[in-house]
Each structure stands twice: as structure tokens, then as C-alpha cells.
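See structure below.
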There are 2 protein chains.
Amino acid sequence: MKLTSAEWHVMNALWQDWPATAREIEARLPEEVAWAYTTTRSVLARLEEKGAIKEYKRSNVSFYEPILTRRKARMAALQSVVGEAFEGAFGPLVHFLVEEEALSEGERQKLTDALEGREEEGADNDSDVE
Amino acid sequence: MKLTSAEWHVMNALWQDWPATAREIEARLPEEVAWAYTTTRSVLARLEEKGAIKEYKRSNVSFYEPILTRRKARMAALQSVVGEAFEGAFGPLVHFLVEEEALSEGERQKLTDALEGREEEGADNDSDVE
DNA sequence: GACATGCTGCTAGGTGTGTAGTAGACTTAC
DNA sequence: GTAAGTCTACTACACACCTAGCAGCATGTC
């Protein structure tokens, strides 16, 4: 499932912690996203239609929960960009990353470590749905 | 400069070889892109408006050349996805790639090699504008 | 129970994107 | 020079997306 830019903002906010009300989500949006409250609601409604989130009510207030996991959304986003821009394979993407020196020294190091399988466990564990 | 999906198709075709006519570009589009000729032209027109390509005529026929380089387009695409989906940093993206084992064994090997700076030269050299 | 506040449902308008058609100009073959 | 084919310029339309407003219902407080 591919997300639009506005949808990413909302999903990122929701993945932080859920269930969450629209107001809570709104409060977690990055500063540069200065939407009207109703805009947040509209995006939430679309996400629910798409099946990315679930909505339920407790006494007239809507609570939201993610259905789509962050992992799956990331995978879809990457697959899309790889398909369009990197001949459909992850290899060229990785090649590009290294070539372009888009990575800081620390990032390179972490990557090397990860590739060699001596990853430190526990730290920075992406909490995710499921 | 961010490209849309249709624009990527056309740019990929144009980067292959240029200058190229609309007919040549059309012929290079992937099979699953079964556009009417006029659709290709419309996308080309939009790309020209955006400044991604340049158009010139020789006796009533338009030839096209890229202005936007593949590298820059790729960078923009990555930056966009990283901004939306990976907290704005390449680190988490790389981490994700490795964790997800999105890479084949060969790709991992190439990546390791590249990180250690013993890249084989010459092979698979992305020809690019400029 | 009337009022303020806050939430929901519904609606809407502008812009981007994908896709394509039509009309007219030009080119080439006879 | 006329017919057939090809090209361009211009226009169009549907759908997705971003953004938001409005009206009405629920809830709590005095």
C-alpha cells in the first residue's frame, strides 16, 4: 500500500503511539505541517478508507490504530522508488548510496557492521505494529 | 526536482540515448507502458515545462535532450522517500535494507566491497548526463 | 435546561497527474 | 497537385490529493 506525503505525516504520528485521537495525532505532526484540524481528519478518513488504519469510537470520540505496519509501508515506498528510479533492483540503489557518499562515516560503519552480522541488538529497535 | 511515475518512464527512456524524438522515446518505453503517442508527447511537454528536458526542432520534428541528470533525479527521489519514511536520514534507510534482507547475496557482497573501497572500475558504469 | 465547547459527517474547491483526442500543418509518393 | 501519412499545438476530462469550511450533534457546567 502506497502512502501519499500527507498520509505519511499522519501515519508517522500514529505509529508513535496508539490508539490515538485525531487531536493527539494533530499534536504530533511535525511543525511544518500546520494543518487545520479538519485536514487531519480528512487524511485520517482517507487512510481508513484505504484500510491503513482502523477507527473506533468511545462515546462519540474517534480513536485510531494502525493496521498497515511501518515495515510494510517502508517496503512499499522503497519498492516504488526502486522500480521507478533504480531499474527495479535494490542493487543499483545500494550502489548509488555508496557511490554518492550519501552516508556519513558513522552510517557507513554501522552498515559495514550490519553486513558482517555483528549488529548490536536491542538498541534502536523500531517499535512496529504487530 | 521530483518526477512523477509517468515522467520517470520517459526520462529513463531519454537517458538511454539522446537527442531523441518522441517516437524513439515511445519505442523505448517498457512494454507495460502502452500509451497513445499523444500521451508520450504530453508527458514530454510537461517535462519541458518543468525544465527537466530541452526541446529543439529540426524541420518540424522535435528532438529532446535531458537537462536533469539521472543522478540528481535519483537523489531527489531518495531524499523524498527518506524524508517521508525514514526520519529524514539515510542511516535508517540503510539499516532497513540490511535488516530486511532485501539484498541478494551478490548485492550484499558488492555492497561490502564498495564500502571497503575495493570497487571494480569500469563495469556497469551508469552513463549519465554531463 | 440553556449555553459553550468540541467533535463528527458531509461537502467542496484548487491543483497535479494520467491519459488521450482533434485540428491543422507539413512531407512524401505518385 | 492531390492523397496518405506523420507531426505538432492545443484542449480536455477523470481521478487523486491537499486543504479546508460548515452544520449539526454530544457533553459538561452552571
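Lettering follows sequence order; numbering is per chain, from 1.
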Short side-chain N/O contact to D:dA9 OP1/OP2 from B:Lys57, under 4.0 Å | yes
When rounded to whole Å, the CG to P distance for the pair A:Leu29 and D:dA20 reads 12 Å
Taken to the nearest whole Å, NE2/A:His9 to P/D:dT19 is 8 Å
task = Check the surroundings of atom CD in A:Glu31: do more than 12 heavy atoms from other residues, nucleotides or ligands lie under 6.0 Å from it?
result = no
From CE of B:Met1 across to P of C:dG16 the rounded distance in Å is 15 Å
Please determine if a side-chain N or O atom of B:Arg41 lies less than 4.0 Å away from the OP1 or OP2 oxygen of D:dC7. no
Rounded to whole Å, CG of B:Leu3 lies from P of C:dT17 at a distance of 10 Å
Closer than 4.0 Å, any side-chain N/O of B:Tyr37 to the OP1 or OP2 of D:dT6?
no
note: B:Met11, atom CE; C:dT17, atom P; distance rounded to Å ~ 15 Å
_Mind checking if B:Arg23 touches a base, just sugar-phosphate, or nothing, with heavy atoms under 4.0 Å?_
sugar-phosphate
Ranking D:dT8, C:dG21, D:dC18 by distance to the side chain of A:Ser5, first place goes to D:dC18
Checking C:dC26, C:dT19, D:dG21 against the side chain of B:Asn60 (C-beta onward), the nearest is C:dC26
Closest non-hydrogen contact found for B:Glu65 with B:Leu14 is C-CD2, 3.8 Å
Worksheet item: If Ile, Leu, Val, Met, Phe, Trp and Tyr residues are connected whenever their side-chain heavy atoms lie under 4.5 Å apart, and connections chain through other members, are B:Val94 and A:Phe90 in the same group?
Response: yes
Next on the checklist: Side-chain N or O of A:Arg46 versus OP1/OP2 of D:dC18: is the shortest distance under 4.0 Å?
Outcome noted: yes
From CZ of A:Arg58 across to P of C:dC7 the rounded distance in Å is 15 Å
Whichever of B:Glu55 and A:Lys2 has the more 5' nearest nucleotide on DNA chain D, that residue is B:Glu55
C:dC7, OP1 or OP2 - any side-chain N/O from A:Ser62 closer than 4.0 Å?
no
Given C:dT19, is OP1 or OP2 found less than 4.0 Å from the side-chain N or O atoms of B:Ser42? no
Testing D:dT19, D:dC7, C:dG18 for proximity to the side chain of A:Trp35, the answer is D:dT19
Quick one: does any side-chain atom of A:Arg74 pair with a main-chain N or O of B:Phe96 as donor and acceptor, under 3.5 Å?
no
B:Glu49 atom CD is separated from C:dT15 atom P, nearest whole Å, by 14 Å
- prompt: Within the structure shown, what part of the strands sits under 4.0 Å from A:Thr38 by heavy-atom distance: base, sugar-phosphate, or nothing?
  reply: base
A:Leu44 CG to D:dC17 P, in whole Å, measures 15 Å
What side-chain donor-acceptor pairs closer than 3.5 Å can you find for residues 40-56 of chain A, not counting sequence neighbours?
unit_1, atom_1, unit_2, atom_2, d
A:Arg41, NH2, A:Tyr64, OH, 3.3
A:Ser42, OG, A:Thr38, O, 3.0
A:Lys50, NZ, A:Lys2, O, 2.9
A:Lys50, NZ, A:Glu7, OE1, 2.8
A:Lys50, NZ, A:Glu7, OE2, 3.4
A:Glu55, OE2, A:Ser62, OG, 2.7
A:Glu55, OE2, A:Tyr64, OH, 3.4

Which part of the nucleic acid does B:Thr39 contact within heavy-atom distance under 4.0 Å: base, sugar-phosphate only, or nothing? base
Between A:Glu84 and A:Val81 (side chain of the first, backbone of the second, donor and acceptor by atom type, cut-off under 3.5 Å), is there such a pair? no
